[in-house]
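Comments concern the structure below.
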Amino acid sequence: AIIYNKFQMSELNTSGLRFVLPNRFLYTGIQLAHFGYQDYNYLSFQTGVAKRLNDRFSIGAKIKLIYLNNFLSEKAQTGFKAGFGCTFQAFSSTKICFLTENIASTFEQKDYSVHIGFDYQCLSNLNLSSEISYNAWNKTNVSLGTEYQIIDELYFRAGFQTVLSTPSLGAAYSFKNMDIGITFTTHQTLGNSTMIEVEYKF
C-alpha cells in the first residue's frame with residue numbers, strides 16, 4: 001500500500017511488504033513492515049498460518065517479532081506479540097469472525113485488542129460488513145463498511161468508524177491478476193488523506 005503524505009512529514013512514513021501462499025493443507029504468510037523516522041523506528045516481521053477445518057470453520061494464528069527504537073527509552077526494545085482468530089460460516093450469506101491482536105506479548109505496555117466481525121452478502125453484488133472492537137485502553141470502536149460491484153471489474157466502497165469519526169469512500173478495479181484501489185478518508189487532526197493500494201496475485 002502507498003499512502004500519499006501531503007504534509008511531507010517523516011513521522012508518517014510507512015512501508016511494508018507481505019507475501020501470502022495459499023495451500024489446501026495450510027495457508028501461510030509473512031509480512032515485513034517499518035514505521036517511523038530518525039527518533040522513532042518500529043520494525044516488525046510477522047508470520048502467520050491458517051487452517052480450514054471444514055466447510056464452515058477456519059482458524060489461524062500469528063506471531064510478530066518487533067524492534068522498537070524510541071528516543072524516550074535508554075535502549076532499543078525487542079520482543080514479540082501474538083494473536084489468533086477464527087471464522088465461522090453461519091449461513092450461506094453470513095460469516096462471523098473473531099480475532100485477538102497482541103493477546104500475548106513480552107512488552108511491558110499492553111496493547112491487546114479483541115475484534116468481532118460480521119460479513120453479510122445481502123445481494124449478489126452488494127456486501128455489508130461490521131466490526132466491534134475493544135482494546136487495552138478500555139475503548140470500544142464500531143466499524144461499518146459496504147462494497148458494491150458496479151460491473152465485473154469495478155467496485156465502490158464506503159466505510160465509517162466511531163473512533164475519531166472517520167468516514168471513507170473508495171473504489172477498486174480488478175484487472176487479470178492485479179487489483180488497484182483508491183480510498184479517500186478524513187481525520188480530525190490530519191484532515192483529508194488519500195491511500196492507493198496495488199495488489200498482484202501470482
Side-chain angles (χ1 to χ4, degrees), residues 1 3-7 9-16 18 29-50 59-88 95-120 128-146 157-170 183-195 197:
I3 301 175
Y4 173 60
N5 182 0
K6 69 177 181 179
F7 300 102
M9 295 171 60
S10 58
E11 292 87 343
L12 297 179
N13 290 339
T14 304
S15 57
R18 67 179 179 179
I30 59 174
Q31 177 175 292
L32 181 65
H34 174 262
F35 169 79
Y37 57 110
Q38 183 177 359
D39 294 328
Y40 185 96
N41 276 284
Y42 181 94
L43 179 66
S44 68
F45 173 80
Q46 178 176 290
T47 182
V49 295
I59 59 174
K62 65 179 181 179
I63 185 170
K64 183 189 301 183
L65 305 178
I66 297 171
Y67 170 85
L68 175 60
N69 188 8
N70 188 344
F71 72 97
L72 296 176
S73 303
E74 295 181 358
K75 61 179 181 179
Q77 303 178 57
T78 58
F80 78 88
K81 298 179 181 181
F84 70 92
C86 62
T87 62
F88 177 67
K95 183 183 296 183
I96 303 173
C97 305
F98 175 78
L99 173 67
T100 63
E101 294 274 9
N102 309 328
I103 200 69
S105 174
T106 59
F107 290 87
E108 182 178 353
Q109 183 180 9
K110 304 305 178 183
D111 59 348
Y112 67 85
S113 59
V114 179
H115 309 260
I116 300 177
F118 303 89
D119 185 85
Y120 178 54
L128 303 177
S129 60
S130 63
E131 179 187 287
I132 302 174
S133 62
Y134 176 82
N135 61 32
W137 299 279
N138 298 322
K139 290 186 177 180
T140 301
N141 179 45
V142 178
S143 302
L144 302 173
T146 183
R157 295 168 178 169
F160 179 83
Q161 61 177 353
T162 56
V163 173
L164 298 178
S165 301
T166 52
S168 61
L169 292 173
T183 304
F184 303 95
T185 184
T186 62
H187 191 280
Q188 292 180 353
T189 303
L190 301 178
N192 299 326
S193 300
T194 305
M195 182 173 69
E197 182 176 6

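For clarity, every value in this text was computed on a predicted model and none was experimentally measured.
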Residues in salt bridge (charged side-chain N to carboxylate O under 4.0 Å, His left out) contact with [X], at least two apart in sequence or another chain:
{"X": "Glu131", "value": "none"}
{"X": "Lys95", "value": "none"}
{"X": "Lys64", "value": "none"}

What I'd like to find out is whether the side chain of Leu32 reaches to under 4.5 Å of the side chain of Leu43, using heavy atoms alone.
yes

Going by the rule side-chain contact (heavy atoms from CB on, under 4.5 Å), which residues pair with [X] if we only count those two or more places apart in sequence or in a different chain?
{"X": "Ala76", "result": "Tyr67, Asn69"}
{"X": "Ser168", "result": "Thr183, Thr185"}
{"X": "Phe118", "result": "Ile96, Ile116, Ser130"}

I'd like to know whether Tyr42 forms a side-chain contact (heavy atoms from CB on, under 4.5 Å) with Asn70, so could you lay out the CA-CA distance, the side-chain angles of the two residues, the decisive distance to 0.1 Å, and finally the verdict.
CA-CA 8 Å; Tyr42 181 94; Asn70 188 344; over 6 Å; no

Using the six-membered ring wherever Trp is involved, compare the ring planes of Phe35 and Tyr40 and label them parallel, tilted or perpendicular (cut-offs 30° and 60°).
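Plane angle over 60°, so perpendicular.
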
Using the side chain to side chain donor-acceptor pair (under 3.5 Å) criterion, which residues pair with [X]? Sequence neighbours excluded.
{"X": "Tyr134", "value": "Asn138"}
{"X": "Ser105", "value": "none"}
{"X": "Asn135", "value": "none"}

Distance from [X] atom [atom1] to [Y] atom [atom2], nearest 0.5 Å?
{"X": "Leu99", "Y": "Ser133", "atom1": "CG", "atom2": "OG", "result": "10.0 Å"}
{"X": "Asn102", "Y": "Tyr112", "atom1": "CG", "atom2": "OH", "result": "11.5 Å"}
{"X": "Ile66", "Y": "Phe107", "atom1": "CD1", "atom2": "CZ", "result": "4.5 Å"}
{"X": "Ile63", "Y": "Phe45", "atom1": "CD1", "atom2": "CZ", "result": "10.5 Å"}

Going by the salt bridge (Lys or Arg N to Asp or Glu O under 4.0 Å) test, which pairs reach into residues 108-120, not counting sequence neighbours?
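Every pair satisfying salt bridge (Lys or Arg N to Asp or Glu O under 4.0 Å) with a residue in residues 108-120: Lys81-Asp111.
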
Please tabulate, one pair per line, all N/O donor-acceptor pairs under 3.5 Å involving side-chain atoms of residues 157-164, not counting sequence neighbours.
{"unit_1": "Arg157", "atom_1": "NE", "unit_2": "Glu147", "atom_2": "OE2", "d": "2.8"}
{"unit_1": "Arg157", "atom_1": "NH2", "unit_2": "Glu147", "atom_2": "OE2", "d": "3.0"}
{"unit_1": "Gln161", "atom_1": "OE1", "unit_2": "Asn141", "atom_2": "ND2", "d": "3.2"}
{"unit_1": "Gln161", "atom_1": "NE2", "unit_2": "Thr166", "atom_2": "OG1", "d": "2.9"}
{"unit_1": "Thr162", "atom_1": "OG1", "unit_2": "Asn141", "atom_2": "OD1", "d": "3.1"}
{"unit_1": "Thr162", "atom_1": "OG1", "unit_2": "Val142", "atom_2": "N", "d": "3.0"}

Backbone N/O of Ile30 and side chain of Thr47: donor-acceptor pair under 3.5 Å:
no

